[in-house]
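This report concerns only the one structure given below.
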Amino acid sequence: MAAERATGNDLVILAEEVTNMFASIDDPQAFLVHDIRFHRALATASANPIVASLVEMVSGLFYESRKANVHRARDLRESAEMHRRLYHAVRARDV
């Protein structure tokens with residue numbers, strides 16, 4: 001849905017979060033915050049209030065469960081690359 005409905009502002013926010021993920025690869029806690037923000041922005045870009053509400057509810061739980069273990073993350077660069085690919089798909093309107 002985000003690939004079909006994202007606005008220019010949505011794309012800016014997604015790009016910023018991907019950039020911030022790469023900038024925080026050496027800081028797993030900060031990376032996690034940007035990961036959560038990316039998924040919230042992606043849900044918002046879907047322009048579906050139900051999806052956005054569900055992601056908002058789940059993201060708080062996800063953050064709490066991951067923050068205790070995020071320091072054990074092995075390859076944050078790979079995760080950031082996956083998010084970048086998602087961003088590029090949304091930007092290209094590739095459903």
Remaining members of hydrophobic cluster (4.5 Å side-chain criterion), Leu86
Leu11, Leu14, Val18, Met21, Phe22, Ile25, Phe31, Phe38, Leu42, Leu76, Tyr87, Val90
Please confirm whether the ring centroid of His83 lies under 6.0 Å from the ring centroid of His39.
yes
Look at atom CE of Met1 and say whether more than 12 heavy atoms of other residues, nucleotides or ligands are closer to it than 6.0 Å.
yes
Residue set satisfying side-chain contact (heavy atoms from CB on, under 4.5 Å) with Ala23, at least two apart, ordered chain then number -> none
What residues, two or more places apart in sequence or in another chain, satisfy side-chain contact (heavy atoms from CB on, under 4.5 Å) together with Leu61?
none
Nearest atoms (heavy-atom pairs only) where Ala3 meets Ala89
CB-O, 4.3 Å
Please, which pairs that meet salt bridge (Lys or Arg N to Asp or Glu O under 4.0 Å) have at least one residue in residues 2-26, sequence neighbours excluded?
none
Provide the full list of salt bridge (Lys or Arg N to Asp or Glu O under 4.0 Å) pairs with a residue in residues 80-95, sequence neighbours left out, each pair given once.
Glu81-Arg84
Do Phe62 and Val55 sit in one hydrophobic cluster, given that two such residues count as connected whenever their side-chain heavy atoms are within less than 4.5 Å of each other, even indirectly?
no
Quick test of your reading: applying side chain to side chain donor-acceptor pair (under 3.5 Å), list the pairs with at least one residue in residues 50-64, sequence neighbours left out, ordered by first then second residue.
Gln29-Tyr63, Arg40-Glu56, Arg40-Ser59, Glu64-Lys67
Looking at OG1 of Thr44 and CG of Asn9, how far apart are the two atoms once the value is rounded to the nearest 0.5 Å?
10.0 Å
Just verifying a value: how many Å separate Thr19 OG1 and His34 NE2, rounded to the nearest 0.5 Å?
10.0 Å
